[in-house]
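The structure appears right after this line, and notes come after that.
If you read the sequence from its start, that first residue is 1, and numbering goes on from there. Just so you know, ligand 1 is whichever comes first in the structure, and atom 1 is the first atom listed for that ligand. Note that the coordinates shown come from a computational prediction; the quantities given were computed from them, not determined experimentally.
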Amino acid sequence: MRRKIVAGNWKMNTTVPEGLKLVEDIVAKLEDVPADVQLIINTPFTHLYPVAESLNGIKCPVCRGKIALGAENCADKEKGAYTGEVSAAMLASIKGVEYVILGHSERREYYGETNALLLEKARLALANGLKVIYCCGEALEDRKAGKHFDVVAEEIKSVLFELTPEQMKNVIVAYEPIWAIGTGETATKEQAQEIHAFIRKTLAEKFGELAEETSILYGGSCKPSNAKELFAQKDIDGGLIGGASLKADDFIAIAKSY
Ligand code: PGA
């Protein structure tokens, strides 16, 4: 059984006090989150330690189990003279940090992150015991030209196919069409299901049965009003949520959409 996952991607939003308040508001509603849904919040680096402390302070073990924490990026180098970078080992050294998002289209587009670089990051993250949320997705031109399957296949093959099955067990895939991110435009449930099924089939070429156990999340203007129909699709195992994860009520409403 694949785990149902609702992951928030805060991006470069909230100051530390604002982030802590948001976490407090989410935690106050954890009882409403179905027991089989895993929430993950991915925050800026500066927020990780205080947010981890806050989550580690949750008294009820059932509620604590419903929410996990991750970063939005990590370095492609192990350690050393790389001013401004944050290594996977540094992230893993914070008790409570379990995940890292890699390959988000904003990192690919604005910071020139290539598949080769992302493979280095993924290897380091996994070697340090982090789980990876690996993003893929096509631009509008690619979709219009009918190239979306090729673009996504390339992003999957050149990074994830280089991992071992053992490593792949700690990877969640997030399909995020670039044209739907932060635009208010969402892929239809049919478009999303079609490409999620394609991603699973592609993963099966290399990893066989394991592809059935891999969670594949949809991201791109996912909100309370459309989460239910998206999550009802056979190959959609949850969502990676940007804007709507910054409001506790919306984030929890999405988690309750299962
Ligand atoms: P959005 O962002 O929900 O604001 O469209 C999703 C993402 O980029 O992960």
Does [X] pair with [Y] as a salt bridge, N-O distance under 4.0 Å?
X      : Y      : answer
Glu113 : Arg108 : no
Lys247 : Asp25  : no
Lys169 : Glu213 : no
Glu53  : Lys95  : no

Any [X] heavy atom less than 4.0 Å from ligand 1:
X      : answer
Lys223 : no
Ala180 : yes
Ser221 : yes

Tell me the closest heavy-atom pair linking Asn56 and Arg64, and the distance in Å.
OD1-NH2, 3.0 Å
Report, in ascending order of atom number, the atoms of ligand 1 lying under 4.0 Å from any heavy atom of [X].
X      : value
Gly220 : 5 (O)
Glu176 : 6 (C), 7 (C), 8 (O), 9 (O)
Asn9   : 9 (O)
Gly243 : 1 (P), 3 (O), 4 (O)
Gly182 : 1 (P), 4 (O), 5 (O)
His104 : 7 (C), 8 (O), 9 (O)
Leu240 : 6 (C), 9 (O)

Using distance alone, with no hydrogens and no angle criterion, decide if Asn42 and Glu72 have a side-chain donor and acceptor under 3.5 Å apart.
no
Can a side-chain donor-acceptor contact be found between Glu176 and His104 if the only test is distance below 3.5 angstrom?
yes
Give the single entry among Gly242, Ala174, Cys222 that approaches atom 6 (C) of ligand 1 most closely by any heavy atom.
Gly242
Tell me if a side-chain donor or acceptor on Arg107 pairs with a main-chain N or O of Asn73 at a distance below 3.5 Å.
no
